[in-house]
Every structure is written in C-alpha cells, then in structure tokens.
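Below is one structure, written out as structure tokens, with a few remarks after it.
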There are 2 protein chains.
Amino acid sequence: MIKARVTVTLKNGVLDPQGKAIEGALGALGFDGVNQIRQGKVFDLTLDGTDKAAAEESLKAMCEKLLANTVIENYAISIA
Amino acid sequence: MIKARVTVTLKNGVLDPQGKAIEGALGALGFDGVNQIRQGKVFDLTLDGTDKAAAEESLKAMCEKLLANTVIENYAISIA
C-alpha cells in the first residue's frame, strides 16, 4: 500500500477571493502582519500496490483528469 | 518576510463525504486501486518579520481561532 499526498494550489496571478476573505478575517481578529494568503486543497490517498513509479504516473493522470484544474491550478505529488 | 504553509486535515474517524465522492469519481474514470481519499485544506501565508518562533506562535493562534475547526480537524504548520 502506498500513501500519497497531492497538493493543489492556485497558479500565480489567479485571483483568490477566498484567501482575501481569510486575510480580512485575520486582520479583524487582530492578527497583523499577514501579507498574503492563498488557499489550496490537499488530498491524502491510499493506493494499492507497492510500485511507487507506477503510483506516481497514476496520480499524475488523476490530477490532470479530476483533482486539479490545470488551467488555473498547479499540483504537487508527494509519495510517502 | 516569512513564508509558511498550514495544512488542515480532518481527524481520523470524522466522516469525509467529499473524499468519498472523489473516490467514486476516480473509480468511474477507471482509476482502480484507490482505497481511501481524504480532502483537506492548505493555506500559504506570507508574514512580516523574521522571527520564526514568533511566527509559529502567531500561526498556531490563527489555526486555533480561524483556520482550523479543532473539534474535527488537525493542523500542521511548516515554515520555509
């Protein structure tokens, strides 16, 4: 069994209103000095098998097809 | 300036319908062998200052107050 983590983040230049809202909320709570927040998604997956290279290929395909919108998002795969 | 990443994930035992839906969708797309998916959130922050210990304290407080629901979520802070 292979455990993997996929992190999907917005590309630079893509507006992130959710991040802006969190920035505003942190300011309202008295946290100063927070300049930029961008929110992304993280997926923790468990895959059958033990072949890490095959798992990485498979995860890339999953990202391209479903997990990330590659027009506006980047993804990073890390296999434990 | 300090760059930090906060990862918020559901605690074990907390149901994750969104993860289940993704699992179903991956199955429908022909990706077999994916056993468990859990979705979480990731926040990339930029903080003023250079004191990493102070930044970590501040980030912990942000997580407790706003970024994570500590009843059902765990958080991890990593400072670059």
Side-chain angles (χ1 to χ4, degrees), chain A residues 1-12 14 16 18-52 54-68 73-76 78 80, chain B residues 1-12 14 16 18-52 54-68 73-76 78 80:
Chain A
M1 235 153 52
I2 293 172
K3 279 178 184 267
R5 168 166 282 188
V6 174
T7 310
V8 176
T9 49
L10 283 172
K11 287 186 179 173
N12 284 335
V14 178
D16 181 6
Q18 201 170 4
K20 279 278 166 219
I22 297 166
E23 222 174 295
L26 284 175
L29 284 170
F31 293 106
D32 299 321
V34 181
N35 279 318
Q36 207 197 10
I37 302 191
R38 290 177 74 79
Q39 190 179 347
K41 284 172 281 188
V42 61
F43 302 96
D44 288 314
L45 300 94
T46 309
L47 296 151
D48 284 340
T50 52
D51 182 346
K52 290 191 178 182
E56 187 158 356
E57 277 310 303
S58 172
L59 285 165
K60 265 188 199 167
M62 289 179 207
C63 287
E64 295 285 338
K65 283 200 181 163
L66 184 77
L67 300 180
E73 290 171 330
N74 292 320
Y75 61 84
S78 74
Chain B
M1 234 154 55
I2 293 171
K3 279 179 183 266
R5 169 166 280 188
V6 173
T7 310
V8 175
T9 50
L10 282 172
K11 287 185 179 173
N12 284 334
V14 178
D16 181 6
Q18 200 170 2
K20 279 278 165 218
I22 297 165
E23 222 174 293
L26 284 175
L29 285 171
F31 293 105
D32 299 322
V34 182
N35 280 317
Q36 208 196 8
I37 302 192
R38 292 176 74 76
Q39 191 180 350
K41 284 171 280 188
V42 62
F43 303 96
D44 289 314
L45 301 94
T46 309
L47 296 150
D48 283 341
T50 52
D51 183 345
K52 289 193 179 182
E56 186 158 356
E57 277 310 303
S58 173
L59 285 165
K60 265 188 199 169
M62 289 178 206
C63 286
E64 296 284 340
K65 282 198 182 162
L66 184 76
L67 300 180
E73 291 172 330
N74 292 320
Y75 60 85
S78 74

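Here the structure is a predicted model, which means the values were calculated and not measured.
- Considering OH of A:Y75 and NZ of A:K60, their distance stands at 6.5 Å, rounded to 0.5 Å.
- In this structure, B:M62 and B:L45 have side chains that are in contact, with non-hydrogen atoms separated by less than 4.5 Å.
- The closest side-chain heavy-atom distance from B:L47 to B:L59 is below 4.5 Å.
- Heavy-atom neighbours of B:K52 NZ from other residues, nucleotides or ligands within 6.0 Å: at or below the threshold of 12.
- Residue-level contacts of residues 28-38 of chain A with chain B, in order of numbering, are A:L29, A:F31, A:G33, A:V34, A:N35, A:Q36, A:I37, A:R38; threshold 4.5 Å between heavy atoms.
- Two residues are said to be in side-chain contact when any heavy atoms from C-beta on lie closer than 4.5 Å; A:I22 and B:F43 meet this criterion.
- Residue-environment remark: NZ (A:K65) stays at or below the threshold of 12 foreign heavy atoms within 6.0 Å.
- With a threshold of 4.5 angstrom between heavy atoms, A:S58 approaches chain B through its backbone and through its side chain.
- The salt bridge (charged side-chain N to carboxylate O under 4.0 Å, His left out) check on B:D44 picks up B:R5, with sequence neighbours excluded.
- In this structure, no portion of A:I2 lies under 4.5 Å from any heavy atom of chain B.
- A:A55 does not touch chain B: none of its heavy atoms, backbone or side chain, sits under 4.5 Å away.
- Counting non-hydrogen atoms of neighbouring residues, nucleotides and ligands closer than 6.0 angstrom, the CD atom of B:E73 exceeds 12 such neighbours.
- At a 4.5 Å heavy-atom cutoff, B:A4 makes no contact with chain A through either its backbone or its side chain.
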